[in-house]
Structures are given as structure tokens and as C-alpha cells.
Amino acid sequence: MKIIKELNIPSAYLYKVIIDSVRYDVEQAIGEPIRECQLENLSYVKEFGKNKRAKITILEIEKNKTYKFETETINNTFISQYRINQLSSTICQLTYSEDNLTSNSLQKINDRMFGIFLGYFKKKRFIQMLNAIEQSY
């Protein structure tokens, strides 16, 4: 999945919103405050409801430009990345990409079948979230 969207906000603002959300998730998982400089290469387990969890590893952070992480579940491994380009002092472009690294053939088929249907709703929700961030500026 790939989404490219221009937003009427500075890249620093979008980056801060993303990183604040990441820090909140990490703090909920580990039970203690964490600074941005401690995030890169950090792994933690996130609970997604009853009996569902994922190991998240933060792979790359570049201030106001990049946030990349890996999510490992029992069935899948996803690599997600936010790339932010400053187009002007008040406009940035976000490129969000998500790749599924599943090696199991049956799981790949299942993911493709459901990905077509669920991908539309996932993209729609993601764009709604970006619009809300833009409106909060």
C-alpha cells in the first residue's frame, strides 16, 4: 500500500504529531516515559485487544523527514514508512508506504484476497486521519 498526500502544514508539525503518537504507544507498552532520541532501534510489544499482539521495532527516525518501523505478528511482518518532504514553509507532502513481507504462500493468497477489500477502507481511514491532523494545525 502506498499513499501520497500534500498537506497544508509544515513538515515539523506533521513529524511532531507522528512522533508524539509513537511515544505514547511506546510509553503505554513499557510503562515509563521515553524521549524521542531513545526511539530508534527500540522494540516493544503492543497489545491489540484480547490475545492479539505484535512486536514493533522502530527501524529509522530522521527528524522532520522519516519514521520507519516493522510490525511482526504471528502471521505477517509489515514494514511501514512515513516520508515527509517540505514543499514550502506551510506545505508538506507525506508518502506513506506499507509492505507485507509474508513468506507463507497460503497467507499471501489470503492477504491478497482480503487486501483488495480491506485496503480501500484502510486507505480511506488513513486519509481521514491525515485530514484531521491538517485541521488541527
Side-chain angles (χ1 to χ4, degrees):
M1 177 172 80
K2 188 173 191 174
I3 297 171
I4 300 172
K5 181 158 175 56
E6 279 189 22
L7 299 160
N8 291 311
I9 55 177
S11 60
Y13 179 77
L14 178 58
Y15 177 82
K16 182 182 180 331
V17 170
I18 293 167
I19 294 303
D20 286 351
S21 175
V22 171
R23 287 182 54 225
Y24 177 81
D25 280 351
V26 171
E27 290 171 1
Q28 293 299 305
I30 67 173
E32 60 186 62
I34 191 158
R35 296 186 319 267
E36 181 181 336
C37 64
Q38 297 173 296
L39 291 173
E40 194 161 14
N41 299 315
L42 179 79
S43 292
Y44 64 98
V45 175
K46 181 174 181 176
E47 304 278 335
F48 292 97
K50 191 174 182 179
N51 300 324
K52 292 185 180 179
R53 62 182 58 174
K55 178 184 174 192
I56 298 175
T57 302
I58 300 171
L59 302 172
E60 181 182 350
I61 292 181
E62 186 177 354
K63 190 164 186 76
N64 300 332
K65 293 184 180 181
T66 303
Y67 170 62
K68 183 177 182 180
F69 64 99
E70 175 184 77
T71 305
E72 278 184 81
T73 66
I74 293 171
N75 298 319
N76 295 306
T77 299
F78 298 94
I79 302 288
S80 304
Q81 182 171 21
Y82 294 80
R83 286 204 167 271
I84 306 168
N85 289 323
Q86 186 72 42
L87 301 178
S88 74
S89 62
T90 59
I91 299 173
C92 69
Q93 181 184 62
L94 173 68
T95 302
Y96 173 80
S97 61
E98 182 179 281
D99 296 312
N100 187 343
L101 306 177
T102 303
S103 58
N104 179 318
S105 297
L106 188 58
Q107 186 66 44
K108 279 184 183 180
I109 293 168
N110 186 48
D111 291 344
R112 282 191 188 130
M113 288 174 52
F114 285 104
I116 293 167
F117 178 70
L118 296 176
Y120 169 79
F121 294 105
K122 190 173 183 179
K123 282 182 180 183
K124 186 176 179 178
R125 252 192 346 260
F126 190 83
I127 289 170
Q128 287 173 339
M129 178 193 69
L130 292 175
N131 290 336
I133 292 169
E134 187 177 45
Q135 293 300 314
S136 71
Y137 178 67

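Worth saying up front: this structure is predicted, and the values here are computed from it rather than measured.
Listed by first then second residue, pairs satisfying salt bridge (charged side-chain N to carboxylate O under 4.0 Å, His left out) with a partner in residues 128-137 number zero, not counting sequence neighbours. Legend: salt bridge (charged side-chain N to carboxylate O under 4.0 Å, His left out) pairs involving residues 87-100, not counting sequence neighbours, sorted by first then second residue: Glu98-Lys122. Residue pairs satisfying the ring pair (Phe, Tyr, Trp, His ring centres under 6.0 Å) criterion with at least one member in residues 7-38, sequence neighbours excluded, are listed as follows: Tyr13-Tyr137. Note on residues 69-86: no pairs pass salt bridge (charged side-chain N to carboxylate O under 4.0 Å, His left out), not counting sequence neighbours.
Following chains of ILVMFWY side-chain contacts shorter than 4.5 Å, one can reach Ile127 starting from Leu7, so the two form part of one hydrophobic cluster. When the side chains of ILVMFWY residues are joined at heavy-atom separations under 4.5 Å, either directly or via intervening members, Leu130 and Ile91 end up in two distinct hydrophobic clusters.
Under the side-chain hydrogen bond (donor to acceptor under 3.5 Å, both in side chains) criterion, Lys123 pairs with no residue at all, not counting sequence neighbours. Residues forming a side-chain hydrogen bond (donor to acceptor under 3.5 Å, both in side chains) with Asn131 (at least two apart in sequence, or on another chain): Lys5. Residues forming a side-chain hydrogen bond (donor to acceptor under 3.5 Å, both in side chains) with Lys65 (at least two apart in sequence, or on another chain): none. Applying the side-chain hydrogen bond (donor to acceptor under 3.5 Å, both in side chains) rule to Asn85 yields no partners; only residues at least two apart in sequence or on another chain are considered. In this view, Glu27 and Arg23 satisfy the salt bridge (charged side-chain N to carboxylate O under 4.0 Å, His left out) rule, not counting sequence neighbours. When the ring pair (Phe, Tyr, Trp, His ring centres under 6.0 Å) test is applied to Phe69, the partners found at least two apart in sequence or on another chain are Tyr67. Among residues two or more places apart in sequence or in another chain, the side-chain contact (heavy atoms from CB on, under 4.5 Å) test is passed with Glu32 by Ile30.
Side-chain contact check for Tyr82 versus Val22: every heavy-atom pair is 4.5 Å or farther apart. Two residues are said to be in side-chain contact when any heavy atoms from C-beta on lie closer than 4.5 Å; Leu39 and Ile19 meet this criterion.
Note that CD1 of Ile84 is 11.0 Å distant from CD of Gln93, once rounded to the nearest 0.5 Å. Atom CG of Asn100 sits about 10.0 Å away from atom CG of Asn75, to the nearest 0.5 Å. Atom-to-atom distance recorded for Ile9:CD1 and Ser136:OG is 7.0 Å, nearest 0.5 angstrom. In this structure, Gln81 CD and Tyr96 OH are separated by 10.5 Å, a value rounded to the nearest 0.5 Å. For the atom pair CD1 of Ile3 and NZ of Lys124, the computed distance is 13.0 Å after rounding to the nearest 0.5 Å. The CD1 atom of Ile133 lies 12.5 Å from the CD atom of Gln128; values are rounded to the nearest 0.5 Å.
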I would like to know whether Phe126 and Leu94 meet side chain to side chain contact (heavy atoms under 4.5 Å, CB included); could you show each step before the answer? CA-CA 12 Å; Phe126 190 83; Leu94 173 68; 4.2 Å; yes
Just list the side-chain donor-acceptor pairs under 3.5 Å for residues 48-63, sequence neighbours left out, or say none.
from  : atom 1 : to    : atom 2 : distance (Å)
Arg53 : NH2    : Glu47 : OE1    : 3.4
Arg53 : NH2    : Glu47 : OE2    : 3.1
Thr57 : OG1    : Ser43 : OG     : 2.7

